[in-house]
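Some notes on the structure that comes next.
So you know, we letter chains A, B, ... as the sequences are listed, proteins then strands, and number each from 1.
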There are 2 protein chains.
Amino acid sequence: MVDRRSGVPAFRQVAADLREKITAGTYAAGEQLPSERDLVDTYGVSRPTVREAVNMLRTEGLVVAEHGRGVFVRPPASIQRVARSRLSREARERNRGAFLADAAARGFTPSTSVKIRFEEADARVAAHLAIDEGAEVTVRDRVMRADGLVVQLAVSRLPRTITRGTAIEDVNTGPGGAYARLEERGHQLGSFVEHVGARMPTPDEASLLQLADGVPVITVTRVAYAFDGLPVEMNDMVLAADRYELSYEWPAD
Amino acid sequence: MVDRRSGVPAFRQVAADLREKITAGTYAAGEQLPSERDLVDTYGVSRPTVREAVNMLRTEGLVVAEHGRGVFVRPPASIQRVARSRLSREARERNRGAFLADAAARGFTPSTSVKIRFEEADARVAAHLAIDEGAEVTVRDRVMRADGLVVQLAVSRLPRTITRGTAIEDVNTGPGGAYARLEERGHQLGSFVEHVGARMPTPDEASLLQLADGVPVITVTRVAYAFDGLPVEMNDMVLAADRYELSYEWPAD
DNA sequence: CAGTGGTCTAGACCACAGT
DNA sequence: CTGTGGTCTAGACCACTGA
């Protein structure tokens, strides 16, 4: 029952009570919560009020609702640790990119589909690639799947001046991938920088990545620099935050 | 007006229309949306339906509602880029930790409050620190502020076996911070690993970090390893995703 | 004070899952 | 078929903001 005189909104009291019972284990992972109509009786509030409480828990990622079945405590997703800062030349040459390497190591069937297009650099792209705004860039738009399930979106952009006439402008970049083509053209890779952030997904991303309510996405912008310090590629990646964790390693000195 | 026969729920149509007008710039950043009662007239739906649409945009982080004022398009927050993988011994000795270094470089007044406690390692802590579950750990629980505003939560854990008798068990760790004390005791630092993820905040975190609806947190677990490969410290950090971006850098070879 | 968002009710009907 | 969540209404009153 909710305390009407406490000043705390009823739906917040209901949400807090349910939240506490979930974290305390009264409702275990995967278990079904009482139906909304039961909660109406339990707490003495109307159904919209109960629904508002449950919605709160949904946006927190604590529970998932399944139409016609019930509301369930979200089981903690198994998180894949993805080691970054390991794109050694060796690894690059052995594999067709970090994603496929990860996938192969984990034993599921990877597949990617690629679309190529060309566009003019906006301010952000221009800044990362150290080119003029409006300059032409080659865009490789990839959807990566594991066993058919979309697990990552990646948009790679390179100045067109260094991709013209190479297989980078083809869907199939050939053995070693785009990085190998760059090195053949004399753009020896010197270093990588990754900028990592997080935000809520757009509706498009949510449906593509099949994200439940309350699951953010991790955004990674990787910039590859040639030995001379000039950026040659930027790659915007979007990952489901309930399935991925990124690991970075570096020496103390 | 919404299309009643399309099968798409009314509140989704309203949300989609508003979302599109926001991204298209019809409602610019910081600008006020029409009042809920105006939207009722515009779309021909009830107020709860309008509110559900607006709530959707709120959990997406697109708009913020201010009681008594109106609903506003969230202006893109200014994002701080925090360079990781730069905790060189030099930098550690010059400063009192990475956070204070960041703060000093940016010209705001930093402050932190620390609480010390001791606890038994749970499974996760034990795994990261390579100790037995139940072994005693020293916990340094920090709240970091910039100009009084909470910007980061950090919980540092070390095996008690290596902190006993050192200033690491005091609120004030002395010049150079906890890492300096570790090195004095012969635990020369060899490397760092950071595990980066994201999730929605708990209600506690949301109020502490003053997060608006629809803003996730970035979680960073940094593990410091001694030269002999043994972990000496783990640090769980929580950052507001709309204010921080982490940058990692590494050579291509 | 008027206008805004915040909360809440008591219903109604629909769509889906599982028996 | 029953029970579940999903959508929607027409109102009511409260709490906050700012003129």
Side-chain angles (χ1 to χ4, degrees), chain A residues 1-18 27 30-74 203 206-207 212-214, chain B residues 1-18 27 30-74 203 206-207 212-214:
Chain A
M1 277 295 182
V2 303
D3 177 2
R4 251 44 226 248
R5 297 158 314 178
S6 71
V8 180
F11 78 92
R12 285 183 194 282
Q13 294 184 45
V14 174
D17 192 62
L18 292 173
Y27 303 128
E31 201 176 323
Q32 184 172 6
L33 260 54
S35 78
E36 294 179 350
R37 285 155 181 94
D38 284 349
L39 295 174
V40 165
D41 296 338
T42 307
Y43 293 103
V45 296
S46 70
R47 184 144 95 98
T49 301
V50 164
R51 278 188 65 79
E52 197 162 356
V54 172
N55 277 335
M56 209 172 166
L57 302 182
R58 291 215 287 167
T59 63
E60 288 170 21
L62 266 182
V63 301
V64 286
E66 297 184 28
H67 195 171
R69 299 225 311 131
V71 177
F72 301 84
V73 178
R74 159 113 43 106
S207 69
D213 292 330
Chain B
M1 278 294 183
V2 303
D3 177 2
R4 249 49 224 248
R5 296 159 314 177
S6 71
V8 179
F11 78 91
R12 285 184 193 282
Q13 294 184 45
V14 174
D17 192 62
L18 291 173
Y27 303 127
E31 200 175 324
Q32 184 172 5
L33 261 55
S35 79
E36 294 179 351
R37 286 158 180 89
D38 284 349
L39 295 173
V40 165
D41 296 338
T42 307
Y43 293 104
V45 296
S46 69
R47 185 146 93 100
T49 302
V50 163
R51 278 188 66 79
E52 197 162 358
V54 172
N55 277 336
M56 208 172 166
L57 302 182
R58 291 214 286 166
T59 63
E60 287 171 21
L62 265 183
V63 301
V64 285
E66 296 183 29
H67 195 170
R69 299 225 310 132
V71 177
F72 301 84
V73 178
R74 160 116 39 108
S207 69
D213 292 329

Does the side chain of B/P34 reach to within under 4.5 Å of the side chain of B/Y27, using non-hydrogen atoms? yes
With side chains defined as the heavy atoms from C-beta onward, is the minimum distance between B/V45 and B/V40 less than 4.5 Å? no
Using a heavy-atom cut-off of 4.0 Å across all strands, would you classify A/P48 as base, sugar-phosphate, or nothing? base
side-chain hydrogen bond (donor to acceptor under 3.5 Å, both in side chains) filter on A/Y43, not counting sequence neighbours, yields A/D17
Chain B reaches DNA chain D, atoms under 4.0 Å from its heavy atoms, from D/dT7 to D/dG18
Want to settle it: does B/R47 or B/P9 sit nearer the 5' end of DNA chain D, counting the closest nucleotide to each? B/P9
Between A/V14 and A/L39, is there a side-chain heavy-atom distance shorter than 4.5 Å? no
So if I take residues 58-72 of chain A and measure heavy-atom distances to DNA chain C, which residues fall below 4.0 Å? A/H67, A/G68, A/R69
What residues form a side-chain hydrogen bond (donor to acceptor under 3.5 Å, both in side chains) with B/T42, not counting sequence neighbours? none
Pairs counted only when both distances fall under 3.5 Å, Watson-Crick or G-U: show me the 5' to 3' dot-bracket for DNA chain C, [ ] for pseudoknotted crossings and | for other-strand partners. ||||||||||||||||||.
I'd like to know if the side chain of A/Q13 reaches the main chain of A/D3, judged simply by a donor and an acceptor atom lying under 3.5 Å from each other, with no hydrogens or angles considered. yes
Sidechain-backbone polar pair: A/E36 side chain, A/V71 backbone, donor-acceptor under 3.5 Å: no
Using a heavy-atom distance cut-off of less than 4.0 Å, which residues of residues 30-46 of chain B contact DNA chain C? B/S35, B/E36, B/R37
